[in-house]
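Worksheet: one structure, shown below.
Just so we're on the same page: letters track the sequence lines, and every chain starts at 1.
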2 protein chains.
Amino acid sequence: MSVYTPAEVVEETGFTLDTLRYYEKIGLLEPVERNSSGQRRFSEEHLSWLGMVRCLRDTGMPIAQMLRFAELSRAGDHTIPDRIKLLEEHEQHVQAQIDNLAARRGYIRNKISYYRSVL
Amino acid sequence: MSVYTPAEVVEETGFTLDTLRYYEKIGLLEPVERNSSGQRRFSEEHLSWLGMVRCLRDTGMPIAQMLRFAELSRAGDHTIPDRIKLLEEHEQHVQAQIDNLAARRGYIRNKISYYRSVL
DNA sequence: ATCCCACCTGGAGCGGACTCCAGGTCAACC
DNA sequence: GGTTGACCTGGAGTCCGCTCCAGGTGGGAT
């Protein structure tokens, strides 16, 4: 089972080292193993969890809710229905964002057309 | 030419009064006329500008950039090409957001399917 | 006359999500 | 054996975009 240095995780996930430390501190990331001199060695599981975190974060989920999801995930398989519910609600939210952006984009394009017509 | 009370503008634009005052203070909103006792009376132009602001804000444009757009708008018609450029760039940005959200949404749906398959 | 309500001002405070800093450790390379 | 570089810690600071507050004014209803 391979492990990853901080630099590798930064490279792979796109999070800064400070952000990773912050996520660990607040419990969004499970405690990370250390080597003999105290440096972090991330696991495969950390990486895949960080993929999820990136997805949720980039779709606008607040940290508080990601924390809730993290707790459910740690609590065992009986929380899977709750996790499904949480993700479904979030998916709806993402869809709403998309629809909203598409509508606003229409407004912007109109404005551009108007400006073009005035030139 | 009709004017609008603060309460009416709040109602129509969905911004809070504090936000409107804040926008005026930082120059995102042109100085608002006052009645004899110092209360704001917004114009039709304010309302339509606020519509634009709402659109830009809700598509994630930072205030600094909205300010730049506001300045261009005040500077006269010769800035229309610049405004078009700014809006076009923003529209690209909005499209990128949409694409990104759609991709992330796929990831979330996959995760949901996976959870369902595990139940 | 008094009460309430909408509004005013300047300035402080807040919440979220980091981001930076000082001072220190260790391992490795020259 | 000295320097470099990646990393450590705890805690303070930053940025953005508001949001709230105290104290005050003016106008309309009872």
Side-chain angles (χ1 to χ4, degrees), chain A residues 3-43 46-47 49-50 52-71 90 93 97 100 104, chain B residues 2-43 46-47 49-50 52-70 90 93 97 100 104:
Chain A
V3 292
Y4 300 86
T5 64
E8 284 163 351
V9 178
V10 165
E11 169 73 16
E12 287 218 17
T13 65
F15 290 117
T16 68
L17 185 44
D18 268 324
T19 298
L20 293 170
R21 289 198 271 246
Y22 168 68
Y23 284 171
E24 185 182 0
K25 179 156 64 182
I26 64 172
L28 183 55
L29 212 52
E30 297 234 20
V32 180
E33 306 283 299
R34 308 309 174 99
N35 70 2
S36 61
S37 57
Q39 299 191 352
R40 289 175 177 77
R41 289 300 177 259
F42 295 83
S43 70
H46 281 117
L47 277 209
W49 172 249
L50 283 168
M52 189 76 213
V53 169
R54 172 148 288 283
C55 172
L56 296 177
R57 189 193 85 156
D58 288 0
T59 48
M61 184 181 286
I63 282 184
Q65 204 178 341
M66 289 197 276
L67 273 176
R68 163 141 181 73
F69 186 65
E71 276 154 28
H90 186 58
H93 185 68
Q97 284 183 73
N100 183 37
R104 305 291 190 185
Chain B
S2 58
V3 293
Y4 301 85
T5 65
E8 286 163 350
V9 178
V10 165
E11 169 72 15
E12 287 217 18
T13 65
F15 290 117
T16 68
L17 185 44
D18 268 325
T19 298
L20 293 170
R21 288 199 270 247
Y22 168 68
Y23 283 172
E24 185 183 359
K25 180 155 63 181
I26 65 172
L28 184 53
L29 211 53
E30 297 233 20
V32 180
E33 306 284 299
R34 307 309 173 98
N35 71 2
S36 62
S37 58
Q39 299 190 354
R40 288 175 178 78
R41 289 300 176 258
F42 295 83
S43 69
H46 282 117
L47 278 208
W49 172 249
L50 284 168
M52 188 78 214
V53 169
R54 172 150 288 284
C55 173
L56 296 178
R57 188 193 87 158
D58 288 0
T59 48
M61 184 182 284
I63 283 185
Q65 204 177 342
M66 290 198 275
L67 273 176
R68 164 141 179 73
F69 187 64
H90 186 58
H93 185 66
Q97 284 183 73
N100 184 38
R104 305 290 190 186

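If you take CG of Asp18(A) and C1' of dG13(D), they are 12 Å apart, rounded to a whole angstrom. Rounded to whole Å, the distance from CD1 on Ile26(A) to P on dG11(D) is 17 Å. Atom CZ in Arg57(B) sits roughly 16 Å away from atom P in dC16(D) (whole-Å rounding). When rounded to the nearest whole Å, the span between NZ of Lys25(B) and C1' of dG17(D) equals 12 Å.
More than 12 heavy atoms of other residues, nucleotides or ligands shown are found within 6.0 angstrom of CD on Gln65(A). Atom CD of Glu8(A) has more than 12 neighbouring heavy atoms from other residues, nucleotides or ligands inside a 6.0 Å radius.
Shown for residues 58-70 of chain A: residues whose heavy atoms fall under 4.0 angstrom of DNA chain C, namely Pro62(A), Ile63(A). Listed in residue order, the members of residues 34-42 of chain A having a heavy atom less than 4.0 Å from DNA chain C are Ser37(A).
For the residue pair Thr59(A) and Gln97(A), the shortest heavy atom distance occurs at O-NE2, 2.9 Å.
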Practice prompt. Please report the C-alpha distance between Val53(B) and Leu56(B) in whole Å, then the side-chain angles of each, then the deciding distance to 0.1 Å, and finally whether the side chain to side chain contact (heavy atoms under 4.5 Å, CB included) criterion is met.
Written response: CA-CA 5 Å; Val53(B) 169; Leu56(B) 296 178; 5.9 Å; no
Practice prompt. Give the intermediate values and the outcome of side chain to side chain contact (heavy atoms under 4.5 Å, CB included) for residues Thr5(A) and Phe42(A).
Written response: CA-CA 6 Å; Thr5(A) 64; Phe42(A) 295 83; over 6 Å; no
Discussion item. Evaluate Val32(A) against His46(A) for side chain to side chain contact (heavy atoms under 4.5 Å, CB included), listing each step before the verdict.
Written reply: CA-CA 8 Å; Val32(A) 180; His46(A) 281 117; 3.8 Å; yes
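For Tyr22(B), there are no ring pair (Phe, Tyr, Trp, His ring centres under 6.0 Å) partners at least two apart in sequence or on another chain. Residues satisfying the salt bridge (charged side-chain N to carboxylate O under 4.0 Å, His left out) criterion with Arg54(A), sequence neighbours excluded, are Asp58(A). The salt bridge (charged side-chain N to carboxylate O under 4.0 Å, His left out) search around Arg21(B) returns Asp18(B), not counting sequence neighbours.
Note on ring orientation: taking the six-membered ring where Trp is involved, the planes of Trp49(B) and Phe69(B) are parallel (angle under 30°, cut-offs 30° and 60°).
Here OH of Tyr4(A) is found 12.0 Å from OG1 of Thr13(A). Values are rounded to the nearest 0.5 Å.
Using a 4.0 Å heavy-atom cutoff across all strands shown, Phe15(B) reaches no nucleic acid atom at all.
In the 5' to 3' direction, nucleotides of DNA chain C lying under 4.0 Å from heavy atoms of chain A begin and end at dA17(C) to dC26(C).
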